[in-house]
Amino acid sequence: MSTQAFVETIISLGSNVEKERYLPEAIRLLRRHRRIEVRKVSRFFESAPVGGPPGSPDFFNAAVVACTDLPPQELRQELRHIENVLGRQRTEDKNAPRTIDLDIAYYGDTQAEFDGWQLPDPEAATAPHVAIPIADVAPSFVDPVSEKTAYDLMLKVDADTEAVRPVSSIRLATPYESRGPEEFDQAGDVYAPQLEAIVRSQLLEIGENPDREGLVRTPLRVAKALDFLTNGYATSLSEVVNNAVFDAEGADEMVLVKDIEFYSMCEHHMLPFFGRAAVAYLPKGRIIGLSKVARVVDLFARRLQVQERLTNQVADAMTEILDPLGVGVVIEGQHLCMMMRGVQKQDSSTVTSAMRGTFKSDPRTRSEFINLAQG
Ligand code: ZN
């Protein structure tokens, strides 16, 4: 597997058509992109439009710090794709109202000219509606052209602080995994407007009142939880493995990581199944940091799954990363869709295994693994 470099990038966002919806949706699509890892999101800022037809509505702007292994041109294409998904129509007038505008403000310290655009985005250092959100999310980031920090650039362009002001009416909720108690969510927080609307409809369908006190913020919480429980779709194997594969000449003993706790959701009912995995390999000159093995399991567990496929995907990923002599994976899981219906014994569990290379061809290696995994 090739190891691409991950680059820190700052993406600026703007919307002035249904902006309460499209700005959060765009941030969610960035979070859900497999090769873009969102690290930090600015507050939302509001500003009057620059140019555009008379009477154009005000903008919401924000900035995101992300890591990516996409080269700049491909990252830009992916941003264009997200704009299209969110209904952006490009017209002759580059200042026309738009559902969403996504631009690469910075791509590491890259300074480059492309066909019709450049890095850094010149507006990052000159336009208040771009510079102020960037200073909010990454104040100490150094602009490679001026060698000034984003904070200093913001002070320079921010002649009129009234022109770009923080939005107080709506706030982006933080993801499920980044905070503990959910009391931190406040009225007016949004996360994934479209998904939240669907959860609200589900509540109505089952005869609930989504406006009663206990359920008011349930759509928000479910959207956040669902994103977390399925974030395997939003993560790449190279991001998980990043820098943790080492050359180990002469390492020829079986490496086993067992009792790896996992939580997944069955694709038939979207109900949890959970249990423990044991993952072993026989190295051929390359080893991986032990904590990464559990992350490889999570990468595939946090999707809609069947246990057999989960087992095979972990085995194939280990093979891809390490090109070892062999791989063995055993997973034991309990499925709530069976347990809650009582169709099977409630303490029953399902065991699946996948063997590759010598674990498949050599009975002694296989039985050594099975013995160690059960011990
Ligand atoms: Zn099921």
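Order of appearance sets the numbers: ligands from 1, and atoms from 1 within every ligand. One-based numbering along the sequence shown.
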Exercise for the section: Could you tell me if the ring centre of Phe45 sits under 6.0 Å from that of Phe60? Expected result: no
Practice task
Anything under 30° is parallel, anything over 60° is perpendicular, the rest tilted; go ahead and classify Phe141 against Tyr106.
Solution key: tilted
Problem - Lys/Arg-Asp/Glu bridge criterion (N-O < 4.0 Å) met for Arg303, Glu267 - result: no
Handout entry: Within 6.0 Å of CD in Gln73, more than 12 heavy atoms from elsewhere
Key = yes
Problem - N, O or S atoms of the protein lying under 2.8 Å from the Zn ion (ligand 1) - result: Cys266 SG, His269 ND1, Cys337 SG
Problem - Within 6.0 Å of CZ in Phe274, more than 12 heavy atoms from elsewhere - result: yes
Handout entry: Under-4.0 Å salt bridge between Arg39 and Glu37
Key = yes
